[in-house]
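The next block holds one structure in the form of structure tokens; read it before the comments.
Residue numbers start from 1 in every chain, and the chains themselves are labelled A, B, ... in the order their sequence lines are given, proteins ahead of strands. Nothing here was measured: the structure is a model prediction, and the numbers come from that model.
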2 protein chains.
Amino acid sequence: MSQKTEFLKPILSSELITTLNAAIGERMLILAGSCTAFFDGRIKSTLELGERILIIKKDLSILMHGVSGVKPLNWQKPKQGPISFLKEKNELVMHTKRKKTEEELWIRFRSIDFVILWAGSDFSSLEIYGDESDLVKYLVEHPSIIEKDLQILSTEFPTDVGYVDIKALDNKKKLLIIEVKKRKTTPSDAFQLKRYKDYFEKIEKKKVRAMLIAPSFPDKVRKYLENNDLESKEIDWKTIFPTISREKNVKIDDFF
Amino acid sequence: MSQKTEFLKPILSSELITTLNAAIGERMLILAGSCTAFFDGRIKSTLELGERILIIKKDLSILMHGVSGVKPLNWQKPKQGPISFLKEKNELVMHTKRKKTEEELWIRFRSIDFVILWAGSDFSSLEIYGDESDLVKYLVEHPSIIEKDLQILSTEFPTDVGYVDIKALDNKKKLLIIEVKKRKTTPSDAFQLKRYKDYFEKIEKKKVRAMLIAPSFPDKVRKYLENNDLESKEIDWKTIFPTISREKNVKIDDFF
DNA sequence: TATTGTATTTCGCAT
DNA sequence: ATGCGAAGTACAATA
């Protein structure tokens, strides 16, 4: 009964219902079959009959996946509320209701292909490096990549219009505001930089420089930057990627 | 061989490798076991040994789920590149490489608990209603919710700085630009509205009104709106939620 | 095909 | 808890 992987008979019996309800929160449940679904919450969604996979993890997170795509068709975050199975009109019904938000999810299986209970565990951590904060950190440690004789003043400097990635002085002691993007820039990025420039020119009562650093600049963005006296610097992060490394998000999955 | 659900022997044999490679893109593959993973792409991530579930869908999307949480530990979007299994150092290794971005994902299974090939299909559509476009639509049909004697001119009106949700004339024939948010507002929402106002005042060469409609306004947002002659209107969408209904995203999963 | 904007965004971090 | 910005965002609509 407490074997690592248990294959249940895919037949809608009261025994199945009992076993499923007992497994919730104890083992991961993987169930495939033909179902409909209804979600009522921040949004409403209905899903007509189709074949899908339902996964209920030990932390009570719910995932219902269709045959394609990375995003689940329906889901619920961990520990939002009790989950129960019941038999209704010859269908296997899963129901959950979030305690706080009153959001509800119903999944009704008309047929079942397989049901698995799996007792997996995981104590390792996902290490990630190479995100935006790593890039800012790297630039601060190697300012000459941006330009010669740059003096870094601060990072994540708070202003009324947001946090400035890098605040620095150039070789003529002129203030340089830098926004760093890991991805291709968008018009919004340029607008944001403009707000920073305006903010500092108002505060300092003199011209300041402002620069967007990113791997790619679409024409529209480049044009806006030029028209607004904003600078751009293209950096292909891959070229410095191998040299940066950092451990973060050292997160251990809870042990149930 | 082409049964709907096939349970493979969870033993690392060359037969398993062959069967898995043959199943890729043909049936959904669900594999549980103890593995490590490495992703190298826009970011780098490493995942130490732990028990996880690997799912490869027929559209070649890859999901690797840990024992908790809704978000996969590693994943790949559909049709990004070929996927292959191989045997290496007595481990079952899954590898994929995106053609364009050169991003790679490696998953190495040290042990396998179960392997399933499943021939599910789904032709139904997820119907969603109550999202932002529904709200805009509802407001356009019931403009008096915004204010009396409002005349709607257009929706999704394109400007140099983005698309305006609603363009209208108030009871004094003054232009009113409206931005609708289903969620709590952020400073960026207010900045965006300001850009719209500036844009239209430049075009029209006279003052225009601009309003943000949303269920909630943090102090910082409210203050920015006040300081910039921008209006706000609080609407709790739940009050009108039950009355709006619409079908969308009528999308059929490809048949493989 | 590339761009744009939403999302039951999710997630981490700072307040 | 709330606020805020980044994300391998994913995904659909659109130009």
Without decimals, in angstroms, what is the distance between B:Y196 OH and C:dG5 C1'?
9 Å
Roughly how far, to the nearest 0.5 Å, is CD of B:Q80 from CG of B:L105?
12.0 Å
In this structure, how many angstroms lie between the P atom of C:dT10 and the NE2 atom of B:H65, rounded?
13 Å
Counting only side-chain heavy atoms from C-beta out, which of D:dC11, C:dT3, C:dT4 sits nearest to B:P78?
D:dC11
Atom pair distance, as rounded to whole Å: CZ in A:F39 and P in C:dA7
13 Å
Quote, to the nearest angstrom, the C1' distance that separates D:dT14 from C:dT8.
24 Å
P spacing across the pair D:dG8 / D:dC4, given as an integer number of angstrom
22 Å
Do other residues, nucleotides or ligands put more than 12 heavy atoms under 6.0 Å from the CG atom of A:N227?
yes
So, A:K71 versus A:H65: side-chain donor-acceptor pair below 3.5 Å or not?
no
Position toward the 5' end of DNA chain D (nearest nucleotide), B:R98 or B:F217:
B:F217
Answer with base, sugar-phosphate or nothing: what part of the nucleic acid does A:E103 contact at a heavy-atom distance below 4.0 Å?
nothing
Hey, are A:Q76 and A:T96 close enough side-chain-wise for a donor-acceptor pair under 3.5 Å?
yes
Looking only at the side chains, is there a donor atom on one of A:S216 and A:R222 sitting less than 3.5 Å from an acceptor on the other?
no
Roughly how far apart, to the nearest Å, are D:dA10 and D:dA6 at atom C1'?
15 Å
Distance check needed: D:dA7 P versus A:R183 CZ, whole Å only.
7 Å
Considering heavy-atom distances to DNA chain D, does B:T186 or B:S45 have its closest nucleotide positioned more toward the 5' end?
B:T186
On DNA chain C, more 5' by nearest nucleotide between B:K71 and A:T185 is A:T185
Hey, does the side chain of B:K182 come within less than 4.0 Å of C:dA7's phosphate (OP1/OP2), counting only N and O?
no
Could you tell me how far apart A:E127 (CD) and C:dC11 (P) are, to the nearest whole angstrom?
19 Å
If you pin A:Q76 and B:Q192 to their nearest nucleotides in DNA chain C, which one's is more 5'?
B:Q192
Could you verify whether a donor N or O on one side chain and an acceptor N or O on the other, from B:S124 and A:R52, lie under 3.5 Å apart?
yes
With a 4.0 Å limit, can you tell me whether A:W75 has a side-chain N or O closer than that to the phosphate oxygens OP1/OP2 of C:dT9?
no
Euclidean distance, atom NZ of residue B:K77 to atom P of D:dA7 [Å, nearest integer]:
14 Å
Just how far, in rounded Å, is P of D:dT2 from NZ of B:K184?
6 Å
Can you measure B:E156 atom CD to C:dT4 atom P for me and round it to whole angstrom units?
14 Å
Is it the case that D:dG8 (base atoms only) and B:N74 (side chain only) share a donor and an acceptor within less than 3.5 Å, ignoring hydrogens and angles?
yes
Using both distances under 3.5 Å as the test, list the Watson-Crick or G-U wobble partner of C:dT8, or none.
none
NA contact type, B:Y163, heavy-atom cut-off 4.0 Å: base, sugar-phosphate, or nothing?
sugar-phosphate
For the side chain of A:R42, starting at C-beta, report the closest nucleotide among C:dT4, D:dG5, C:dT10.
C:dT10
